[in-house]
Amino acid sequence: MKKTFYFFLIALTVSFTACQKDNIISTTNPVGSPIVVPPVAPPTQATDSTLVMGNPSNASVNIADIGNYLLREGYYSVSYNRDRGIPNWVSWHVVATDFGSTPRQDNFRANTELPAGWYQVGANSFLSSGFDRGHMCPSSDRTSSVDANSSTFLMTNMVPQAPNNNQVTWGNLEDYCRTLVQGGSELYIIAGAYGEGGTGSNGLATTLDNGRVTVPANVWKVVVVLPNGSNDLSRVGNSTRVISVIMPNDDTINNDWRTYRTSVDFIEQETGYDILSKVSSAIQNVIEARVDNL
Ligand code: MN
Ligand code: MN
């Protein structure tokens with residue numbers, strides 16, 4: 001459906017260009033009248049930039065890969081775990097043009113593009129559980145269009161997240177990241193969840209929705225900070241700032257996200273993933289061992 005839509009956009013753009021040429025000819029012809037074609041907004045990013053730093057678990061579009069199924073949503077990519085009912089990780093890119101005036105759509109909904117027969121976690125699957133529907137790719141990172149913002153409300157982008165984690169500590173880190181973008185940086189962010197059992201506002205839970213959604217024990221995030229530019233992967237070097245955190249999915253969490261900083265190496269050890277795998281090994285060795293302290 002989405003591919004068809006983009007093909008349609010390209011076709012429209014091509015025909016628009018053709019019409020403009022026709023217009024140039026018709027202006028020399030007194031009987032020609034200008035053809036008015038409404039402008040077509042292109043996708044915000046021409047190419048999918050969500051996995052530039054790598055695919056941490058080699059997620060694939062093979063439907064047999066039930067625990068590590070790749071969903072490419074355009075505005076972000078997901079490794080989805082069918083039996084946990086939550087993403088393993090979500091990866092996206094943030095640049096200043098991702099920020100616009102689109103209001104929060106709040107259209108939480110099932111992802112109907114999951115393979116046939118897979119349980120679709122719904123808008124109410126976390127209801128009254130004491131856990132928030134916690135975005136991995138945040139709504140506020142995708143405000144350039146209704147389509148971009150809506151994409152973040154698919155339930156395949158959500159984990160059950162303790163309210164104080166989601167709204168305070170995790171949310172503060174999200175806000176901080178946006179200040180970096182507003183200050184002239186672009187970011188590559190990978191966020192995920194692992195383990196089982198969290199403590200929300202109603203206490204401890206291991207699963208929700210009759211066992212179909214696992215409550216993760218921890219959420220983690222890795223943020224690669226680059227000055228705005230092009231050829232991003234090649235600009236990652238030994239001095240590149242990388243912010244990594246692991247936060248407990250516990251409502252008694254400390255407010256200050258900085259107290260949860262760790263190394264990428266430690267997240268890799270905990271999850272078994274290779275994060276930033278497209279970066280050269282020599283550079284990974286340096287930037288993944290360091291703990292941010294700015
Ligand atoms: Mn959130
Ligand atoms: Mn790595």
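Position 1 is the first residue of the sequence; numbering continues from there. Note that ligands are numbered from 1 as they come in the structure, with each ligand's atoms numbered from 1 the same way. Heavy atoms only: backbone and side chains are in, while hydrogens, waters and symmetry mates are out.
Because the distance cut-off is set at 2.8 Å, Gln284 qualifies as a neighbour of the Mn ion (ligand 2) through one of its N, O or S atoms. For the Mn ion (ligand 2), the N/O/S atoms of Ile275 include one lying under 2.8 Å.
Within the 4.5 Å cutoff, the side chain of Ser91 has no heavy atoms near those of the Tyr76 side chain. Residues Ile275 and Trp220 are in side-chain contact: their nearest non-hydrogen atoms beyond the backbone lie under 4.5 Å apart.
Taking the Mn ion (ligand 2) as reference, Glu288 places its N/O/S atom OE2 nearest. Closest to the Mn ion (ligand 2) among the N, O or S atoms of Glu268 is OE2. When the Mn ion (ligand 2) is compared with the N/O/S atoms of Asp274, atom OD1 turns out nearest.
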Subject >> Step-by-step salt bridge (Lys or Arg N to Asp or Glu O under 4.0 Å) determination, Glu186 to Arg235 >> reply: CA-CA 12 Å; Glu186 60 180 296; Arg235 294 189 296 125; 3.1 Å; yes
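Placement of Tyr194 and Phe131 in two distinct hydrophobic clusters is found when ILVMFWY residues are connected by side-chain heavy-atom separations under 4.5 Å, directly or transitively.
There is no side-chain donor-acceptor pair under 3.5 Å between Asn149 and Thr102.
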